[in-house]
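We count residues from 1, following the sequence as given.
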Amino acid sequence: MPNNLENKSAELIEALKQRILILDGAMGTMIQEHKLEEHDYRGERFKDWHVLIKGNNDLLSITQPKIIADIHRGFLNAGADIIETNTFNSTTISMEDYDMASISREVNLESAKLARSICDEFTAKNPAKPRYVAGVLGPTSKTCSISPDVNDPGYRNVTFDKLVTAYVESTLALMEGGVDLILIETIFDTLNAKAASFAVEEAFEQAGRKLPVMISGTITDASGRTLSGQTTEAFYNSIRHIKPISIGLNCALGPDLLRQYVEELSRVCETYTSVHPNAGLPNEFGEYDLEAPEMAKEIIDWGKSGFINIVGGCCGTTPAHIRAFAKGLEGVKPRPLPELEVRMRLSGLEACNLN
């Protein structure tokens with residue numbers, strides 16, 4: 001690994017020891033505020049594309065880079081330490097929805113370059129507050145362990161190997177674009193997460209260098225489980241062997257409903273924790289109503305309770321939310337890493353910890 005990358009990783013670790021780091025907010029929410037139409041998504045290059053592509057937000061890194069750059073700037077101005085690349089749906093598997101799998105690598109590469117340039121712009125202005133780029137690997141639009149056909153429980157619409165291939169391509173492109181870390185996020189199916197993690201290690205081997213990895217799962221409803229059925233601790237036990245820099249939770253729930261699972265994760269997690277919840281639950285129009293001051297109150301309580309090391313926002317969160325988090329958490333000590341007894345930690349749908 002080149003020295004500059006070693007230094008950047010060490011710098012990030014040291015920052016995590018000193019303070020709670022602020023992640024950015026919702027890219028999709030900010031894009032929606034621009035009320036873009038089909039022609040905006042297409043731009044000149046894709047003006048004659050044979051299928052509708054409105055909603056392919058990741059493509060905007062190519063067709064509307066100024067909009068994406070301004071969104072990054074908005075979150076950095078609000079106090080974010082880490083910004084996420086606009087690549088949540090950039091794998092070949094998700095891009096197949098728009099018949100654009102062939103440009104998956106380009107979308108990841110250009111999104112990473114764009115985020116890198118904006119981060120470097122802010123770090124240059126204030127070297128005492130370095131900014132980091134997280135290369136995002138989303139869950140894809142398919143699930144590896146659950147059948148999409150209620151009449152055929154054994155059917156799968158994607159294989160582990162296909163997921164790995166897609167994630168390797170995306171990871172290599174993100175690395176080439178200059179990201180500082182890899183964020184595997186919004187994991188609703190643990191098998192998808194395992195495929196992503198395996199792929200990331202394969203990409204590191206191919207590239208001849210490693211980056212820190214963050215993993216963030218999703219508790220889908222009040223049952224307290226992921227879509228594939230695992231509790232928070234079971235999910236943690238399933239992926240702890242990957243040794244990421246942080247394990248966290250994001251999306252699906254607002255901070256009030258997510259709190260108990262954040263507390264549980266902070267208890268069982270041997271590494272740093274990350275959280276970026278939604279701004280409440282969506283209303284009947286699919287919009288999020290939890291305002292920044294109200295949401296920040298919960299987030300600040302998490303910080304003071306010693307639950308978190310990295311915090312940001314998911315669906316519905318704006319620079320106003322991130323600014324409120326950053327201001328409210330100033331001077332709040334980060335969660336110390338616990339010393340847990342050595343046990344055999346297994347998992348199915350539930351955790352199974354043996355002495």
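- Salt bridge R42/E37: absent, no basic N to carboxylate O contact under 4.0 Å.
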Take L137 and L174 through the test side chain to side chain contact (heavy atoms under 4.5 Å, CB included) and record every step on the way to the result.
CA-CA 9 Å; L137 299 176; L174 290 168; 3.8 Å; yes

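- In terms of hydrophobic clustering, with Ile, Leu, Val, Met, Phe, Trp and Tyr side chains grouped at heavy-atom distances under 4.5 Å, L59 and V51 are assigned to a common cluster.
- The closest side-chain donor-acceptor pair between S111 and N86, if any, does not fall under 3.5 angstrom.
- Counting heavy atoms from C-beta outward, M100 and V107 have side chains that stay 4.5 Å or more apart.
- Under the 4.0 Å criterion applied to side-chain N and carboxylate O atoms, E11 and K8 are not assigned as salt-bridge partners.
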Please determine whether salt bridge (Lys or Arg N to Asp or Glu O under 4.0 Å) holds for the pair E176 and K113, giving the CA-CA distance in whole Å, both sets of side-chain angles, and the decisive distance to 0.1 Å.
CA-CA 8 Å; E176 184 180 340; K113 286 181 175 179; 5.7 Å; no

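- Under the 4.5 Å side-chain criterion, counting only non-hydrogen atoms from C-beta, H72 is in contact with M27.
- By the 4.5 Å heavy-atom criterion applied to side chains, T318 and E33 are counted as neighbours.
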Would D70 and K66 count as a salt bridge (Lys or Arg N to Asp or Glu O under 4.0 Å) if you check the C-alpha gap in whole Å, the side-chain angles of each, and the deciding distance to 0.1 Å?
CA-CA 6 Å; D70 286 345; K66 184 180 184 303; 2.8 Å; yes

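- Contact annotation: the side chain of Y167 approaches that of T140 to within less than 4.5 Å [non-hydrogen atoms, C-beta and beyond].
- Using a 4.5 Å cut-off on side-chain heavy atoms (C-beta onward), E287 and Q32 make no contact.
- Hydrophobic clustering, with ILVMFWY side chains joined whenever heavy atoms are under 4.5 angstrom apart, keeps I215 apart from V136.
- In this structure the side chain of T91 never reaches within 4.5 angstrom of the side chain of E169, judged on heavy atoms.
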Between E233 and R343, does the salt bridge (Lys or Arg N to Asp or Glu O under 4.0 Å) criterion hold? Intermediate values first, please.
CA-CA 14 Å; E233 186 174 5; R343 302 178 70 181; over 6 Å; no

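- Just one of R267, E264, E270 meets the side-chain hydrogen bond (donor to acceptor under 3.5 Å, both in side chains) condition when paired with Y236; it is E270.
- No donor-acceptor contact under 3.5 angstrom links the side chains of D152 and S147, judged on distance only.
- Annotation: K129, atom NZ; neighbour count of heavy atoms from other residues, nucleotides and ligands within 6.0 Å is above 12.
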Please evaluate residues M175 and R209 with respect to the criterion side chain to side chain contact (heavy atoms under 4.5 Å, CB included), reporting the C-alpha separation (whole Å), side-chain torsions for both, the decisive distance (0.1 Å), and the verdict.
CA-CA 10 Å; M175 294 176 73; R209 59 189 177 93; 3.6 Å; yes

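- Contact of the V262 side chain with the T273 side chain is not registered, since no non-hydrogen atoms from C-beta on lie closer than 4.5 Å.
- There is no side-chain donor-acceptor pair under 3.5 Å between T159 and D161.
- Considering only residues two or more places apart in sequence or on other chains, K327 meets the salt bridge (charged side-chain N to carboxylate O under 4.0 Å, His left out) condition with none of them.
- Between the side chain of D24 and the main chain of E84, a donor-acceptor pair closer than 3.5 Å is present.
- F46 meets the ring pair (Phe, Tyr, Trp, His ring centres under 6.0 Å) test with W49; sequence neighbours excluded.
- Among L290, D256, L257, the single residue meeting the side chain to side chain contact (heavy atoms under 4.5 Å, CB included) criterion with L281 is L257.
- A donor and an acceptor atom, one from each side chain of S347 and N237, are nowhere located under 3.5 Å apart.
- How far CZ of F160 is from CG of L191: 6.0 Å, rounded to the nearest 0.5 Å.
- The environment of CD in E284 is crowded: more than 12 heavy-atom neighbours from other residues, nucleotides or ligands sit within 6.0 Å.
- Salt-bridge check for R45 with E110: failed, with every basic side-chain N at 4.0 Å or more from each acidic carboxylate O.
- In this model, a donor atom of one side chain and an acceptor atom of the other lie less than 3.5 Å apart for E185 and H276.
- Comment: R116 engages D120 in a salt bridge, judged by a side-chain N to carboxylate O separation of less than 4.0 angstrom.
- No more than 12 heavy atoms of other residues, nucleotides or ligands sit less than 6.0 Å from atom CD of E205.
- Within the 4.5 Å cutoff, side-chain heavy atoms of Y272 are placed close to those of K17.
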